[in-house]
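Remember, predicted model here, so these are calculated numbers, not experimental data.
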Amino acid sequence: MTQKISRDRFCINRKIAPNLTVTQFFTLVKDLGINKVEIRNDMKSGSVTDGLGGAKVRELANQHALTIVTINAVYPFNQLSAEILEKTRGLLKDARETGAKALVLCPLNDGTVVSSEQTVAALKTLAPLFAEYGIEGLVEPLGFPQSSLRSAALAQQLIKQADVPFKIVLDTFHHHLYEGAEQDFAGGVDVNRIGLVHLSGVTDTRPTAELTDEERIMLSAEDLLQSKRQVQRLEERGYTGTYAFEPFSSVMEAWSEADIAREIRTSIDSLNH
């Protein structure tokens with residue numbers, strides 16, 4: 001990178017620390033000199049707050065001088081039902097109580113086709129709920145072959161068509177998986193409408209279409225996603241937002257706090273050198 005990315009633009013997704021409590025996770029992030037985190041609704045506790053309650057998590061974040069950037073995630077946002085709307089309200093309440101700025105929206109990922117019209121209708125339904133709670137909406141296209149919304153450019157088009165104030169999450173793993181992603185960029189993904197970038201790395205050499213979340217680790221010189229190059233292009237196009245590390249592999253189950261800290265430092269160094 002010709003221009004280094006400052007520490008205050010990095011964020012750590014809680015997925016990297018499956019065995020740490022909220023307090024342990026917040027302390028680790030603060031000790032690394034990073035001031036942003038993402039929290040999740042798919043951790044072992046089954047709760048965004050590990051049962052502590054939103055007010056306590058907000059207090060802990062404040063004590064550690066951390067901003068909670070997002071909660072991950074509503075799924076599937078583009079196949080709305082009474083159950084999904086209830087879940088969305090619950091997560092919006094969690095976001096408001098914890099002080100999280102945004103809630104991530106993931107599309108259906110089981111091979112079912114969801115039309116653009118259905119997705120636009122879902123966005124129009126969800127936007128007033130997000131406004132009611134004062135929370136930003138971030139749509140995350142998933143690059144898996146079975147995903148119902150793979151394209152970042154299409155996601156931005158549908159958001160515009162729905163006339164809602166949402167942005168997208170651009171994920172370097174999902175960008176790599178979607179074979180039309182480079183054409184998306186050539187056609188003009190608007191970096192000003194990217195609300196967050198997720199970073200991970202892959203060294204597994206299996207065919208791209210066979211990659212799963214299990215292959216997602218942290219960044220290295222051997223990264224087949226070329227996340228560093230993706231970041232460089234975003235920077236060149238004027239992206240000034242946040243980069244969140246979001247590995248998924250089960251290898252992290254065996255990581256100690258020292259391992260996590262080392263991997264984060266190494267990944268930041270790999271981007272900035």
Any side-chain heavy-atom pair of Phe77 and Leu108 under 4.5 Å:
no

Would you say the rings of Phe248 and Phe173 are close, in the sense that their centroids are separated by under 6.0 Å?
no

Check the hydrophobic clustering (I, L, V, M, F, W, Y; side-chain heavy atoms under 4.5 Å; chains of links allowed) and say if Val37 and Met43 are grouped together.
no

For a quick test of reading the model, state the closest non-hydrogen atom pair linking Asn78 to Ala122 and the distance between them.
CA-CB, 3.9 Å

Within a strict 4.5 Å, meaning less than it, do heavy atoms of the Phe10 and Thr242 side chains meet?
no

Can you see which heavy atom on Gly33 is nearest to which on Arg7, and at what distance?
O-CG, 3.1 Å

Ring centers of Phe144, His174 separated by less than 6.0 Å
yes

Locate the shortest heavy-atom distance separating Tyr239 from Arg9; write the atom from each residue and the value.
O-NH2, 3.3 Å

Can you tell me if Glu215 uses its side chain to pair, donor with acceptor, with the backbone of Ser249 under 3.5 Å?
no

Do the side chains of Pro107 and Thr119 get nearer than 4.5 Å, heavy atoms only?
no

Between Asn41 and Asn72, which heavy-atom pair has the shortest distance, and what is it?
OD1-O, 2.7 Å

Expected output: side-chain Arg58 to main-chain Arg96 donor-acceptor under 3.5 Å:
yes

Evaluate Gln183 against Tyr178 for side-chain hydrogen bond (donor to acceptor under 3.5 Å, both in side chains), listing each step before the verdict.
CA-CA 10 Å; Gln183 189 174 342; Tyr178 174 48; over 6 Å; no

Which of these passes salt bridge (Lys or Arg N to Asp or Glu O under 4.0 Å) with Glu246: Arg40, Arg14, Lys15?
Arg40

Under 3.5 Å, is there a donor-acceptor pair between the side chain of Lys228 and the main chain of Ser270?
yes

Is it true that a side-chain atom of Thr125 and a backbone atom of Ala121 form a donor plus acceptor pair closer than 3.5 Å?
yes

Do side-chain atoms of Thr67 reach the backbone of Val69 as a donor and acceptor pair under 3.5 angstrom?
no

Closest approach of Leu271 and Leu199, non-hydrogen atoms and distance?
CD1-CD1, 3.7 Å

Gap between atom CG of Asn109 and atom CD of Gln146 - 0.5 Å precision:
4.5 Å

Minimum side-chain heavy-atom gap Val197-Val169 below 4.5 Å
no

Salt bridge present between Arg89 and Glu132 (N-O < 4.0 angstrom)
yes

Are Lys101 and Glu38 ion-paired here, with the side-chain N under 4.0 Å from a carboxylate O?
no

So, using ring pair (Phe, Tyr, Trp, His ring centres under 6.0 Å) as the criterion, who are the partners of Tyr75 when residues are at least two apart?
none

Just by distance, do the side chain of Asp259 and the backbone of Ser256 share a donor-acceptor pair under 3.5 Å?
yes

Hey, what's the ring geometry for His175 with Phe185, parallel, tilted or perpendicular (30° and 60° as the breaks)?
perpendicular

One pair to check against side-chain hydrogen bond (donor to acceptor under 3.5 Å, both in side chains): Asn19 and Lys44. What are the steps and the verdict?
CA-CA 8 Å; Asn19 296 315; Lys44 291 178 182 178; 2.4 Å; yes

Where the side chain of Ser147 meets the backbone of Leu142, is there a donor-acceptor pair that is under 3.5 Å apart?
yes

Dump the intermediate steps for side-chain hydrogen bond (donor to acceptor under 3.5 Å, both in side chains) on Thr27 and His64, then the final yes or no.
CA-CA 7 Å; Thr27 299; His64 290 79; 2.9 Å; yes

